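Below is one structure, written out as structure tokens; the observations come after it.
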Amino acid sequence: MFDSDLEPQGPVNTRRRAFLASAAAAAGGLALWQWWSPRVTDAAAGVPSQPKEVTVVVFSDSGQRLKSVRIPKVVKTAEEWRKQLPPGVFDITRNADTEIAYSGKYWNLHDKGLYRCICCDNALFDSATKFDSGTGWPSFWQPIAPENVTETQDTSLGMVRTAVSCTECDAHLGHVFDDGPEPTHLRYCMNSASLRFVAHS
Ligand SMILES: [Zn+2]
């Protein structure tokens, strides 16, 4: 599984992989195990390793759909993500943690705009699909483009749920449930911490 997670390929990568393997062993592997757990599940199910290129749809800040692009997946080490992300965001986006209900900054936001990935700026949701779910988490009935989010089975915490992540960088966003409003009846229950709101100008 390490081959699919680290770039670039080559001697440097080989050394880094060896370092990570030994670091994981030394630390008991818990943090790395959690970080990689979705991919571990994929590997166990016989799914091919993650592609290094992904297709996403690019949107302008005003919400205009621009084009579908094939781009390299954003891959960074845990240390690099920690440096980049605000406090508290790392655990949610890179370790699939969940923010406390009603604690985030977007659950009650009704402004018109676009919600991008806090990690990589990939466009994720449009405010036109946001609704009041009463859960304390920002909720949407569909992503801005199906390509831009990836859904995987999540069996953590003794439940079977569908986790939603950013296609471009694998950031954990939240979960999707089938008790949403029309027209999709889906409820994308997101963490505010995983999102960055851009108001329509
Ligand atoms: Zn992202």
Side-chain angles (χ1 to χ4, degrees), residues 1-10 12-43 49-56 58-59 69-100 103-106 114-125 137-138 143-144 147-152 154 156-157 161-176 188-198:
M1 69 182 170
F2 293 97
D3 286 331
S4 66
D5 293 333
L6 298 170
E7 293 184 80
Q9 295 296 322
V12 173
N13 187 35
T14 305
R15 285 200 300 275
R16 186 194 298 170
R17 189 161 61 231
F19 166 74
L20 283 173
S22 60
L30 182 59
L32 288 167
W33 170 263
Q34 289 176 337
W35 184 44
W36 274 311
S37 57
R39 296 179 181 118
V40 171
T41 304
D42 286 348
S49 60
Q50 298 250 330
K52 292 193 170 62
E53 284 194 341
V54 291
T55 299
V56 296
V58 178
F59 288 80
V69 293
R70 186 91 179 142
I71 54 173
K73 201 175 181 85
V74 175
V75 179
K76 297 183 182 182
T77 65
E79 189 177 351
E80 287 170 331
W81 285 123
R82 277 189 196 280
K83 284 180 186 170
Q84 174 186 328
L85 298 171
V89 175
F90 175 86
D91 285 339
I92 292 170
T93 57
R94 313 316 307 184
N95 277 339
D97 202 355
T98 300
E99 70 192 14
I100 296 169
S103 74
K105 53 186 175 181
Y106 296 141
L114 194 69
Y115 291 84
R116 294 188 180 277
C117 175
I118 190 75
C119 293
C120 76
D121 260 2
N122 183 25
L124 299 172
F125 296 95
W137 290 287
I144 198 165
E147 299 94 323
N148 290 17
V149 301
T150 299
E151 299 178 9
T152 54
D154 174 10
S156 64
L157 305 178
R161 295 177 294 172
T162 302
V164 181
S165 59
C166 171
T167 298
E168 190 170 332
C169 77
D170 281 344
H172 175 72
L173 306 174
H175 293 86
V176 59
Y188 284 82
C189 184
M190 302 290 102
N191 290 288
S192 296
S194 301
L195 307 173
R196 182 176 72 83
F197 178 71
V198 183

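Source: prediction; values computed, not measured.
- Applying the side chain to side chain contact (heavy atoms under 4.5 Å, CB included) test to Ala96 and every residue at least two apart in sequence or in another chain returns His172.
- For Ile118 against Ala193, the heavy-atom pair with the smallest separation is CG2-O, 3.4 Å.
- Within the 4.5 Å cutoff, the side chain of Cys169 has heavy atoms near those of the Trp81 side chain.
- A distance of 9.0 Å separates CZ in Arg116 from CG in Leu124, rounded to the nearest 0.5 Å.
- In this structure Tyr188 satisfies the ring-ring contact (aromatic ring centres under 6.0 Å, His included) test together with Phe125, sequence neighbours excluded.
- At least one side-chain heavy atom of Ile92 sits less than 4.5 Å from a side-chain heavy atom of Ser194.
- Side-chain contact check for Val54 versus Ile71: some heavy-atom pair is nearer than 4.5 Å.
- Listed by chain and number, the residues in a side chain to side chain contact (heavy atoms under 4.5 Å, CB included) with Leu157 are Met159, Arg161 (sequence neighbours excluded).
- Across every non-hydrogen atom of Cys117 and Ala171, the tightest pair is SG-CB, 3.9 Å.
- Here the closest non-hydrogen pair linking Asn191 and Gly174 is ND2-CA, 4.0 Å.
- What you find for Val74 and Cys120 is that their closest heavy atoms are CG2-CB, 4.2 Å.
- In terms of modelled atom types and a separation under 3.5 Å, the side chain of Trp137 and the main chain of Glu99 share a donor-acceptor contact.
- Lys73 contributes atom NZ, which lies 9.0 Å from atom CD of Glu168 (distance to the nearest 0.5 angstrom).
- Residues Met190 and Val164 have side chains in contact (heavy-atom distance under 4.5 Å, counting atoms from C-beta outward).
- Between the NZ atom of Lys76 and the NZ atom of Lys83 there is a distance of 11.5 Å, given to the nearest 0.5 Å.
- Closest heavy-atom contact between Asn122 and Thr167: ND2-N, 4.2 Å.
- Residues Cys119 and Arg94 approach most closely at SG-NH1, 3.3 Å, considering heavy atoms.
- Using cut-offs of 30° and 60° on the angle between ring planes, the pair Tyr115 and Phe197 is tilted.
- Judged by distance alone, with hydrogens and angles left aside, the side-chain atoms of Ser165 form no donor-acceptor pair with the main-chain N or O of Asp170 at under 3.5 Å.
- For the atom pair OG1 of Thr93 and CD of Gln84, the computed distance is 8.5 Å after rounding to the nearest 0.5 Å.
- Judged purely by atom type and a 3.5 angstrom limit, Asp154 has no side-chain atom pairing as donor or acceptor with the backbone of Thr162.
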